[in-house]
Amino acid sequence: MKVLVVIVNYKTPDLTLDCVKSLAVEIARTEAQVRVVVTDNQSPDDSVAKLQAGFAHLDYPWLTLMPLDRNGGFAYGNNAAIAPALAGEDKPDLIWLLNPDTIVLQGALTELIRFMQSHPQVGIGGGRAENRDGSVRRSSFRFHTPLGELESALQFGLATRILRNYVVAPGIPESAQKVGWVSGASMMIRREVIEKIGLLDDAYFMYFEETDFCLRASRAGFECWYVPQSRIIHLVGQSSGVTGAQRGAKRRPKYWFESRSRFFDKNYGKMSRHVANLLWLSAYPLGRLWQTLRGKRRDDPPKLWWDFLRYNYWPCSR
């Protein structure tokens, strides 16, 4: 098997170097032919210089650095490496999207390759994401729907039980399982998927692009599976701060709302987005009130309801 690994760096050169070093151990263990391309989304710091110096010391013949001329976002950074690889004669069989803020654990690459080889109907496979302490993060999901947005806004027992089939982030599977979509932090794609549906949609700057890609793949007849035998440590949100430890400290950026709107408009239509918006806006204060009455705290970004309203319905705020 020929595998292309793509890592998109943005202001995280030290993490990227650590990721590549952990990946090197896996590459040495596998019989697959592996190429790794690190793209840099025009980081405004000294990322490119640090990566060039670091890679020179590592001396990995399978590793390439590709500085880009602009910061086009996550999908853009991945597509910049995938497109020329698929246009050449030595095409990869599999493409593994890997976040720079990850540490590849033993078997992460080999288990995904093995799973994709033994399950030809699977077009996309995603691995298990862990915190440094070994606790498991959610990395497999259902697709977003208006009722899923209602549940995410309420977040309390009875509502979740009633809407259990629409919960976007259900319990973490213990074994390999077919799912709606997997996190782009560790996503392996069969070449035939891209040949049939195209590259990731780089009109998304960040977030929802992997959800959109998995939905397009599903509609084209490809399955998406969660493969927990493939394990990475994910130091979440190092570039964006939207997820991870900074989640409750920073306001959610405009591009997150723009990506969410694009996902609904493109895949379900504008009416579905408006229904989802109204359900969320109505239910979120009720969910917050219920959690307060129970003495629980929601780890939401500051002014989330206000930002949701203004970015969706006040053009002057865009």
Side-chain angles (χ1 to χ4, degrees), residues 2-28 30 32-43 45-86 92 94-105 108-110 112-113 124-127 129-130 139 182-189 191 194 199-200 202 204-207 209-210 213 230-240 243-244:
K2 298 176 181 177
V3 181
L4 170 68
V5 183
V6 185
I7 302 170
V8 180
N9 178 77
Y10 183 71
K11 299 194 302 183
T12 56
D14 295 329
L15 290 173
T16 299
L17 285 166
D18 289 342
C19 176
V20 169
K21 291 174 185 176
S22 70
L23 179 58
V25 179
E26 272 295 279
I27 291 176
T30 183
Q33 299 177 40
V34 182
R35 289 180 290 156
V36 180
V37 177
V38 175
T39 63
D40 180 80
N41 261 343
Q42 204 181 44
S43 298
D45 59 5
D46 58 351
S47 281
V48 172
K50 276 192 171 183
L51 292 173
Q52 287 173 334
F55 291 172
H57 284 99
L58 294 175
D59 191 27
Y60 294 150
W62 37 259
L63 178 61
T64 302
L65 175 62
M66 181 187 292
L68 304 178
D69 58 2
R70 66 184 179 91
N71 179 15
F74 179 78
Y76 172 83
N78 279 291
N79 288 344
I82 297 170
L86 295 185
L94 300 168
I95 298 97
W96 191 23
L97 310 187
L98 188 64
N99 265 27
D101 57 350
T102 60
I103 301 297
V104 177
L105 299 177
L109 175 60
T110 53
L112 269 181
I113 293 173
I124 300 170
E130 301 178 1
S139 55
V182 291
S183 167
S186 173
M187 175 192 282
M188 185 166 281
I189 306 166
R191 183 186 71 226
I194 298 176
L199 296 165
L200 282 82
D202 58 18
Y204 294 94
F205 180 75
M206 190 179 294
Y207 295 100
E209 60 280 280
E210 73 263 58
F213 187 81
S230 172
R231 299 166 50 237
I232 60 166
I233 294 173
H234 189 193
L235 310 172
V236 184
Q238 296 298 309
S239 293
S240 68
T243 55

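For the single chain, residues carry numbers from 1 onward in sequence order.
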I need the minimum non-hydrogen distance between [X] and [Y], along with the two atoms involved.
X	Y	answer
Leu4	Ala81	CD2-O, 4.0 Å
Leu199	Ala83	CD1-CB, 4.0 Å
Glu26	Leu109	OE1-N, 3.0 Å

Exercise for the section: Report yes if some heavy atom in the side chain of Val36 is under 4.5 Å from a heavy atom in the side chain of Trp96; otherwise report no. Expected result: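 Sidechains of Trp96 and Val36: no contact.
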Drop me the distance from [X]'s [atom1] to [Y]'s [atom2], to the nearest 0.5 angstrom.
X	Y	atom1	atom2	result
Leu97	Ile189	CG	CD1	4.0 Å
Met188	Leu98	CE	CG	9.5 Å
Thr12	Leu51	OG1	CG	8.0 Å
Ile7	Asn99	CD1	CG	9.0 Å
Asp101	Asp14	CG	CG	13.0 Å
Met187	Ser139	CE	OG	10.5 Å

For residues 64-80, which side-chain donor-acceptor pairs fall under 3.5 Å, sequence neighbours excluded?
{"unit_1": "Asp69", "atom_1": "OD1", "unit_2": "Tyr76", "atom_2": "OH", "d": "3.1"}
{"unit_1": "Asn71", "atom_1": "OD1", "unit_2": "Asn41", "atom_2": "ND2", "d": "3.4"}
{"unit_1": "Asn71", "atom_1": "OD1", "unit_2": "Gly73", "atom_2": "N", "d": "3.3"}
{"unit_1": "Asn78", "atom_1": "ND2", "unit_2": "Phe74", "atom_2": "O", "d": "3.0"}
{"unit_1": "Asn79", "atom_1": "OD1", "unit_2": "Leu200", "atom_2": "N", "d": "3.3"}
{"unit_1": "Asn79", "atom_1": "ND2", "unit_2": "Ala75", "atom_2": "O", "d": "3.3"}
{"unit_1": "Asn79", "atom_1": "ND2", "unit_2": "Leu200", "atom_2": "O", "d": "2.7"}

Practice task
Using modelled atom types only, decide if a donor and an acceptor are shared between the side chain of Glu210 and the backbone of Val182 within a distance under 3.5 Å.
Solution key: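 Not a single qualifying donor-acceptor pair exists.
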Practice task
For Glu209 and Tyr204, indicate whether the former's side chain and the latter's backbone hold a donor-acceptor pair under 3.5 Å.
Solution key: no
Handout entry: Listed partners of Ser47 passing side-chain contact (heavy atoms from CB on, under 4.5 Å), at least two apart
Key =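 Only Asn9, Pro13, Asp40, Ser43, Asp45 meet the side-chain contact (heavy atoms from CB on, under 4.5 Å) criterion with Ser47.
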Exercise for the section: Evaluate side chain to side chain contact (heavy atoms under 4.5 Å, CB included) for Leu23 paired with Tyr60, printing each intermediate quantity in order. Expected result: CA-CA 11 Å; Leu23 179 58; Tyr60 294 150; over 6 Å; no
Practice task
Any chance you could lay out the side chain to side chain contact (heavy atoms under 4.5 Å, CB included) test for Leu112 and Ser186, step after step, and finish with the verdict?
Solution key: CA-CA 10 Å; Leu112 269 181; Ser186 173; 4.1 Å; yes
